[in-house]
Amino acid sequence: MEDTQLQLTSTETKEQQNQRLVFAVNGERFELSSVDPSTTLLQFLRSRTRFKSVKLGCGEGGCGACNVLLSKFDSNLKQVEDYTVSSCLTLVCSINGCSITTTEGLGNSKDGFHSIHQRFAGFHASQCGFCTPGMCVSLFSALVNSEKNDHPQPPLGSSKLTSSEAEKSISGNLCRCTGYRSIADVCKSFACDVDMEDLGFNSFWKKEKTPDSKLLKLPFYDPKKICTYPEFLKNESKSPMHLKYQKRSWYTPVSMKELHNLLESTSAEKGKMVKLVAGNTGIGYYKEVDPYDKYIDLRFIPELSTIKRADSQIKVGATVSISKLIFALKEERDDDDDDDDEGDMVFQKIASHLEKIASESVRNSATIGGNLVMAQRHGFPSDIATLLVAVKSEVTIMNGIKKVLTLEEFLAQPALDSTTLLMSVHIPFMKPNKNGYNSDKSDTKLLFETYRASPRPLGNSLAYLNAAFLAEVSPYKSGNHVINNIQLAFGAFGNKHAIRANTVENYLLGKTLSVGLLSESLKLLKANIQPEDDTSHSAYRSSLASSFLFEFLFPLLDSDASYIKSSSLTSDHYDEKRTLLSSSKQVLESSHEHYPVGEPIIKTGASIQASGEAVFVDDIPSPLNCLHGAFIYSTNPLAWVKGVEVKKDVHGVVSFQDIPKGGENIGAKTLFGPEPLFANELTECTGQRIAFVVADSQKNADIAAETAMVDYDTQDLEPPILTVEHAVENSSFFEVPSFIYPSQVGDFIKGMAEADHKIHSAEIKLGSQYYFYMETQTALAVPDEDNCMVVYSSIQVPEFAQSVIAQCLGIPEHNVRVITRRVGGGFGGKAIKAMPVATACALAAYKLNRPVRTYVNRKTDMIMAGGRHPMKINYTVGFKSSGKITALHLDILINAGISPDISPVMPWNMLGALKKYNWGALSFDFKICKTNHSSKSAMRAPGEVQASFIAEAVIEHVASVVSMDVGCVREKNFHTFDSLKMFYGVDSVGEFVEYTLPTIWDTLMKSSNFNDRVETIKKFNKCNTWRKKGISRVPILHEVSLRATPGKVSILRDGSIVVEVGGIELGQGLWTKVKQMTAYCLKAIQCEGADGNQLLEKIRVIQADTLSMIQGGFTAGSTTSEASCEAVRLCCNVLVERLVGLKEILEAQMGFVKWDSLILHANMQSVNLSASSFFVPEFNSMRYINYGAAVSEVEVNLLTGETKILQADIVYDCGQSLNPAVDLGQVEGAFVQGIGFFMLEEYSINSNGLVIADSTWTYKIPTIDTIPKQLNVHILNSGHHKKRVLSSKASGEPPLLLAVSVHCATRAAIKEARNQVRSWKGLEGSDSIFQLDVPATMPVVKTLCGLDNVDLYLQSLMSSS
């Protein structure tokens, strides 16, 4: 860290002042005289300061984990400007004179937490905690800026934020754990207009409190507490900066003349690479591997950085940020002219559309010019280009001389070279020209609409297609309208840049709009909008163009002129004040029997996660001489590796050839076999590790790995096996051990003979899913004395990593110590898949005898991860006319990839969820296919989530064939208690009272008001042509198993307590439940100062250490928390037995005994105050079934295929919850992750099997705008379960299966849409037999609703007329 904190001397020259970079971080002054201009703010903060809360989640500005508040002082206006930026994109050289605030700058555990931190903890809104610091900063930025608006002064302790603004403050932040509802409540708790009754479950108040008292219970918010811009910065020189670093330079010209001279001098220096810098956000999309020689910061040149308004246009400098342009467009003119109102309307709608581009932290830095240049040079699918083409914008460019071009001309030019500069953009102020084709010109109206279809309504995702339409229309006879002028712009549909649909425009010009004219226009449009070859979803994108034009023009056919205000057919009028989420209900039935077990206490560590003090593996300071590694992976599915050429200077390249003598090429292992650390001479799948490059920084290691050239040879090799069908042809399978292969149920042949109807060989295909833990794979290996190795790993199975590392290095396991404190999200991906990452670091450290660490970049992580198992299913089912199923047979081909990993357990897992219905008889044939793909691994509810979907697909199919309501078919095939025992076995089922599904099913029907909503939806669907709703109620049965788990409890001299368990804290609240169990058990000693709450304050659960706690096993399968609690209970029982006798003796002597005194006497009398245990579940009680049910309601937009989840109601049986608040978070988070699998996440690969959905640009997990608008959860307390740990049940994985209800509801809505299409075709009956793919993305849904549904509708209108 270079923090000189020295004042300038009077003799310092102006040139010397200009050769330094001065800024502040959390009020601390930093001064740099030399820094690599390519260094990002994130890299600087994490490597050269103590502020580690700023996390690297993606490096693309797509997740919000790296958000910081940037503040700068305007010396002219004498005011501070504050806004969030993505520190992973912001160059540190660009922050001269600025102040940076991270979440550490808001508060901490020593000086006191900020109310944001306290509320995140109190609303149970932080689980793994990796994303929480970025969330806090995003919210803080919104709070700071709200104080600058002219809203009325809010009540003391509130802010000026509205609830809608509060929610949207974190719309650009990703979270994989919580499901967002609780985070939204944190944000809204600061809002001035929030109804406190609407906020969800928290630790601050109970339901009976009045709203006023609730506000007082919240941690107090003081808007003046934090100064975002320190006074000392105001006195720093604001002169242009010129920094040099080795052969690279950073320049800050302040005039066009200076810029011209710099560009001229650069052109004279041949071979020099120059980068013109403004926001630098383009590197999030177009990654840079080579640094530039010159960086020229354009932001301080007035001609490029200002906005000028004139009567006819707004002139926007090229370096103006998108956010500032939005603000300028929203400013209304003072003119009273009605035509100006229409012009303001155009600007307002452009601004509204711009707010859906990227995220706020990106828009605050990204520039209008940078966006358009990316579109011009690289074909970036720009929304801005499309919007501005529609309103005939112009640009000024300079290449020696200034030239004004239309934006269309600019985009069509050859790609700009580095000497051509885009200076400004001119957006015309639109007015109707009153030159209509009809006689009454005074009624001419200006219409303008913008459109974008993207996976996320609030942006932060590229559009499948964007469009903007401008038209002048005037009324004509019989309520018709004449089109006097029209401009139709389309972009992002797979073409090079935005275009105008000139053929369609010319066809419509001057004509009176009619159904026939609109129909012909759409035909012409299809010829205009032709995506280029290899464009994904090309037919869908073309269909969207027709939908958007139809949505724009069709309202004009209505004689009601209200279309002027809102022409949307499919969505409600836009309202900025409307919140994304409605008030949700959380019903938690807690038990006080085992206090403090069962209490909804705050998750351990939540506050320090929010304040950024929680230490993750990559936050550990690098030891002296530490190196950094990055993987070189295969891009070929099957090839000989002839050589690897690394083009950059590195410290070493580690491969299988570096395995020490006596060691093995092993990177991971399970019960079913090992996986190599590196490919030998032969690479057998894409994404396979070939080598590990070691360099002096993570950045340099990543660049070296990315630019490395691998020489492949496929001579004499058979074609790779890339499909399960090909695997079957080649008999390429992994064996499933007989002891875990499930048993058939009943007599399939007999069941089929009893059936009235049969479906033969229906097919389902299911794809993969990526974990998207916010913290990617990471490890740090440090060589220790006596040939030992200490490895810090973000892993769910430290014990296995220890064994693999020892085996690889050829040393005893006692020479390897693996330490895991916390994991930034795992979901199964940090189990087997984390082992080779830790092992590669250990091998490199062993070879180089230096510490080696890695933080795998998001792209590499996504390519190597493997993810959830894809599979192909064929089913044959027999059933009665009543809907009762008599027999089901399944042929399931599971794509395991190249190594077995945990794939052989998939049949067992799947059967546990498949048996949720009474199939009469159930037979199956599983094949675990070995293919040349990366090995697939466990992902939250592995196999169970696919099996649950298969079961529902069969039920839906049967219901369609017999024309019955699908809910009735579900109920017809519910288990009786006897059939449940037949399918699952007596041990798993337990006693009759434990079969709570019938109770859950009935409770849910009433609490969700299911029957009334069904009728309401029927009426809605009859009244709405382009929106259809669907609703579905789905049950789950999910079988889990307890595993043996160790524990250790030690009481220290001062009475504080240290607990160790085998389970790892992943964010699931394991430490919290363990603390509660420890306190509950030790309070049995019954001495003063040791009630449940007092003991909770004395307990610390510490990190897993494989040399301290052995046989830790897997943290997976949802049951590790309860198993760890039981292990701790066994330890505490021993300690209680040791201490109770002593306490009684002391009581007899002293009358009463305090805890501290008891422990002091125990030490004096040499009582052993440490106890260890190894909990081994009994065979007949290790397995049990979880029950739950969900109702989901959706609304499908038939023009775009967008699915809105309006409401989800969940009832889930947690037994007697160990912590209802923790379990609530697990239920909500799992459900939303399931929504991702069923509705959003496409883990796409190319023809070689290489992952191409390898970034936040291409892989979309749920965000706050894609979750249910209302999510109601009831955690059922189902009473006593004798064989469970204090009658508790699991909550981590089973609720994920409930998300299938969203998919089923979407199917119901699509069914209505298809029936409507049939009616337009003049066909009778229902079209209910169809397959809705997983995920049911917008293209999938729209395709089933009809890519040509607009054409068919118009044809039906013409036919009927």
Side-chain angles (χ1 to χ4, degrees), residues 256 276 278 298 301-322 324-326 328-329 331 333 339-340 342-351 353-354 357 366-377 379-380 382-417 419-433 435 446 448 450 466-472 485-491 495-502 505:
M256 289 301 297
L276 303 179
L298 304 176
I301 301 172
E303 293 91 330
L304 304 183
S305 58
T306 55
I307 299 175
K308 294 181 179 178
R309 277 182 173 268
D311 287 340
S312 61
Q313 67 177 18
I314 291 182
K315 183 178 179 181
V316 186
T319 66
V320 170
S321 71
I322 296 173
K324 287 189 175 178
L325 175 59
I326 290 170
L329 291 170
E331 285 185 314
R333 291 149 54 104
D339 289 343
D340 285 352
E342 294 187 354
D344 284 336
M345 173 272 294
V346 173
F347 282 176
Q348 294 275 353
K349 289 191 174 180
I350 291 175
H353 188 112
L354 292 179
I357 294 173
T367 64
I368 181 95
N371 185 282
L372 293 177
V373 168
M374 285 200 304
Q376 201 275 344
R377 274 191 189 148
F380 179 75
S382 164
D383 284 73
I384 295 175
T386 305
L387 300 176
L388 299 188
V389 162
V391 295
K392 294 186 176 178
S393 298
E394 295 178 331
V395 298
T396 298
I397 63 172
M398 186 181 76
N399 187 358
I401 59 170
K402 289 184 181 179
K403 186 189 296 185
V404 177
L405 302 171
T406 67
L407 182 54
E408 285 184 89
E409 291 170 338
F410 171 74
L411 293 171
Q413 282 193 327
L416 296 183
D417 58 30
T419 61
T420 302
L421 182 70
L422 173 62
M423 294 187 63
S424 58
V425 180
H426 319 134
I427 309 173
F429 190 79
M430 307 307 300
K431 293 184 179 181
N433 62 24
N435 293 322
L446 192 68
F448 181 72
T450 74
N466 54 48
F469 307 146
L470 180 71
E472 291 177 31
N485 190 19
I486 190 164
Q487 287 144 225
L488 307 173
F490 297 89
N495 58 327
K496 191 172 183 339
H497 51 72
I499 64 165
R500 290 261 301 277
N502 294 313
E505 293 174 359

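The distance from the NZ atom of Lys315 to the OG1 atom of Thr306 is 7.5 Å, given to the nearest 0.5 Å. Distance CD1/Ile350 to NE2/His353: 10.0 Å, rounded to 0.5 Å. The NE2 atom of His497 lies 12.0 Å from the OG atom of Ser382; values are rounded to the nearest 0.5 Å. Between Glu472 atom CD and Met430 atom CE the span is 7.0 Å, to the nearest 0.5 Å. Once rounded to the nearest 0.5 Å, the distance linking CG of Leu329 with NZ of Lys324 reads 14.5 Å. Interatomic distance, CG of Leu470 versus OG1 of Thr450, reported as 12.0 Å (0.5 Å rounding).
Put simply, the side chain of Ile384 does not reach to within 4.5 Å of the side chain of Leu325, judged on heavy atoms. In this structure, the side chains of Arg500 and Lys392 come closer than 4.5 Å at one or more pairs of heavy atoms. With contacts defined as side-chain heavy-atom distances shorter than 4.5 Å, the pair Phe429/Asp344 qualifies. At least one side-chain heavy atom of Met256 sits less than 4.5 Å from a side-chain heavy atom of Leu304. Contact of the Thr319 side chain with the Ile301 side chain is not registered, since no non-hydrogen atoms from C-beta on lie closer than 4.5 Å. By the 4.5 Å heavy-atom criterion applied to side chains, Leu354 and Ile357 are counted as neighbours. Looking at Phe490 and Asn495, their side chains never come closer than 4.5 Å, going by heavy atoms from C-beta outward. The shortest side-chain heavy-atom distance between Ile397 and Gln413 falls under the 4.5 Å cut-off.
Smallest separation of non-hydrogen atoms from Glu408 and Val389: CG-CG1, 3.8 Å. The heavy-atom pair separating Ala390 from Phe448 by the smallest distance is CB-CE1, 4.4 Å. Across all their heavy atoms, Gln376 and Pro414 have their closest contact at NE2-O, 2.8 Å. Smallest separation of non-hydrogen atoms from Leu446 and Met345: O-CE, 3.5 Å.
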Exercise. Could you go step by step and tell me if Leu298 and Thr367 meet the side-chain contact (heavy atoms from CB on, under 4.5 Å) rule?
Worked result: CA-CA 11 Å; Leu298 304 176; Thr367 64; over 6 Å; no
Exercise. Taking it one step at a time, do Asn399 and Leu416 satisfy side-chain contact (heavy atoms from CB on, under 4.5 Å)?
Worked result: CA-CA 10 Å; Asn399 187 358; Leu416 296 183; over 6 Å; no
Exercise. Given Leu388 and Ile368, is the side-chain contact (heavy atoms from CB on, under 4.5 Å) satisfied, shown in steps?
Worked result: CA-CA 11 Å; Leu388 299 188; Ile368 181 95; 4.1 Å; yes
Exercise. Yes or no on side-chain contact (heavy atoms from CB on, under 4.5 Å) for Gln487 and Glu505, after CA distance, side-chain angles and deciding distance?
Worked result: CA-CA 6 Å; Gln487 287 144 225; Glu505 293 174 359; 4.1 Å; yes
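Put simply, the side chain of Arg309 gets close to the backbone of Ala328: a donor and an acceptor are under 3.5 Å apart.
In this view, Glu303 satisfies the salt bridge (charged side-chain N to carboxylate O under 4.0 Å, His left out) rule with no residue, not counting sequence neighbours.
Tested against Leu407 for a side-chain contact (heavy atoms from CB on, under 4.5 Å), the candidates Val391, Leu387, Val395, Val425 yield a single pass: Val395. Screening Lys402, His426, Lys403 against Thr396 for a side chain to side chain donor-acceptor pair (under 3.5 Å) leaves a single residue, His426.
In this structure, a donor-acceptor pair under 3.5 Å is absent between the side chains of Thr386 and Asp383.
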